[in-house]
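Both ligands and their constituent atoms are indexed starting at 1 by order of listing.
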Amino acid sequence: MPKVRNLNLWLKKDLQYNWHPYTQMKDCRQIPNILIEKARGLKLFDAKGRFYYDTISSWWCNVHGHNHPYIKKAIKTQLERLEHVLFAGFIHKPAILLAEGLIAIAPKSLKKVFYSDNGSTAVEVALKMSFQYWQNTGMVKKKKFVSLDMGYHGDTIGTMSLSGIDLFNRVFSPLFFLSYKIPSPYCYRCPMGKNNQSCTIECIKPLEKLLERNSDEISGIILEPMVLCAAGMLVYPAQYLEKVAMLARRFKVHLILDEVATGFGRTGKMFAAEHAGVMPDFLCLSKGITAGYLPLGATLTTDKIYNAFYADYCQKKTFFHGHTYTANPLACSAALASLELFKREKTLLRINRVSSLFAKEMEFFRRLDFVGDVRYIGLIGALELVRNKERKEPFDFKERIGLKVYQKGLENNLVLRPLGNIIYLFLPLCVREKELNDIFKRVQLTFMQLQGEGVFK
Ligand SMILES: *Cc1c(COP(=O)(O)O)cnc(C)c1O
């Protein structure tokens, strides 16, 4: 590496050559990017030696903390043997052991693993398999998908077609394939005008009506179980998920659960599907699968789906899909090490204790005038900021309230990357109670300082 000692030179070079994701590059002139030199546990350290709590798990993927010796060792050991080999005609032990490990912990309906290399591809694979399943079995009219109008399933054209249309992807909407959108279970702003007491999951009705009319042309329904993450950590009742699963079964459409974000303990269970005990036809995994160390995606499915593709080559039932880095051995060994850590460190047991403290800390924010909603599950929590609590009036997009919280958060050693007016925590599962207290103290301080500055007026 060339020696560039001066931090400003690094920042200049970065802007000279790099174009960052989800970033208006003009903003980087005012809000410099932070050069991270190393990380350990919950903490990121920048070039000046300042630390930041990784309160959003480096975009929802870190699980057991940074620089974990056990995961590092697993990757290094694998690196000495084999860094990569194509996964067609060739196999390797990490991919076999990981598939066995995933099937052992996944909902019982799932028996087969198809690897890819990120969350969007894990979803694309499920969509294509679902679609081709009906073609292979003679139900050729079943070609469409249903999704929630605020869901998020990735940034490829296919997954964007099934995501909510908002600021981020509106410009691409002419490219989307047609699909059915149903109202999201956004409880704070209930689409049916109900509240916690009066709710009997009325918002399932549009799906029921749709399936009654059109199930013969519907391939599958896709949703994020328990929490619509990118929409603003919208936590919804398990009964909603139960009802979706029941309808999918009754009307013979595939249930595709996108657990790219919620998988691997985030909601307090290994998979969010367990909260409702549902048995999906597809489970899409990525993000936390390697504990945040290397890119990997996996799509789990049933024997029934698999068998519909199992035929003589000339019958044209093969699933022709794949990615160059499918089942990368280094990524698979990181994922295996992560699964082992879940056992050794009794991660799920531990976070059940920690998440009750998390819940108590979250509740504190209800008393603040500018916090309209407080929602949480496991170690995911969100605060929806509003100008007027009574009327649930949001702050205007142009005010960039989230950005102000983000900048103040950095001063207080936090990464509070907002989702619009929603400030959230998505903590690595390794968080200790002492760290949790410290993080919440700093979040409170951040809000108090901003309130003092009149930001929420
Ligand atoms: C992040 C995310 C994806 C996309 O994953 P990438 O690895 O960023 O492509 C898909 N679905 C959900 C629910 C996600 O949160």
Closer than 4.0 Å to some heavy atom of [X] - which atoms of ligand 1 meet that?
{"X": "Gly154", "result": "4 (C), 10 (C)"}
{"X": "Glu224", "result": "13 (C)"}
{"X": "Ser120", "result": "4 (C), 5 (O), 6 (P), 9 (O)"}
{"X": "Ala261", "result": "15 (O)"}
{"X": "Asp258", "result": "10 (C), 11 (N), 12 (C), 13 (C)"}
{"X": "His153", "result": "10 (C), 11 (N)"}

Point to revise | Partners meeting side-chain contact (heavy atoms from CB on, under 4.5 Å) with Asp438 (sequence neighbours left out) | key: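 With neighbours one apart ignored, the set is Tyr53, Lys441, Arg442.
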Practice item. Output, in order, the C-alpha distance, side-chain angles, deciding distance and verdict of side-chain hydrogen bond (donor to acceptor under 3.5 Å, both in side chains) for Asp14 and Asn33. Key: CA-CA 9 Å; Asp14 173 55; Asn33 289 320; 3.2 Å; yes
Point to revise | Cation-pi geometry met for Lys392 and Tyr188 (6.0 Å, 45°) | key: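 Lys392 over Tyr188 ring: yes.
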Point to revise | N or O contact, Ser286 vs ligand 1, cut-off under 3.5 Å | key: no
Check your understanding: Taking both backbone and side-chain atoms of Gly119, is any N or O found less than 3.5 Å from an N or O belonging to ligand 1?
Key ->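 By distance alone, the answer is yes.
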Practice item. Measure the distances from the heavy atoms of Trp60 to every atom of ligand 1 and state whether one is below 4.0 angstrom. Key: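 Yes, that is the case, since the closest heavy atom of the residue is under 4.0 Å from the ligand.
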Exercise for review: Evaluate the side-chain proximity of Ser130 to Phe145: yes if any heavy-atom separation is below 4.5 Å, no if none is.
Suggested key: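 Contact flag for Phe145/Ser130 side chains = yes.
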Point to revise | Qualifying residue for side-chain contact (heavy atoms from CB on, under 4.5 Å) with Tyr325, from Leu330, Asp117, Leu296 | key: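 It is Asp117, the one option of Leu330, Asp117, Leu296 that forms the side-chain contact (heavy atoms from CB on, under 4.5 Å) with Tyr325.
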Exercise for review: With Leu383 as reference, evaluate Leu425, Asp373, Asn421, Val374 under the side-chain contact (heavy atoms from CB on, under 4.5 Å) test and give the passing residue.
Suggested key: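 Answer to the side-chain contact (heavy atoms from CB on, under 4.5 Å) test with Leu383 among Leu425, Asp373, Asn421, Val374: Val374.
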Check your understanding: What about Tyr115 and His323, are their ring centers closer than 6.0 Å?
Key -> no
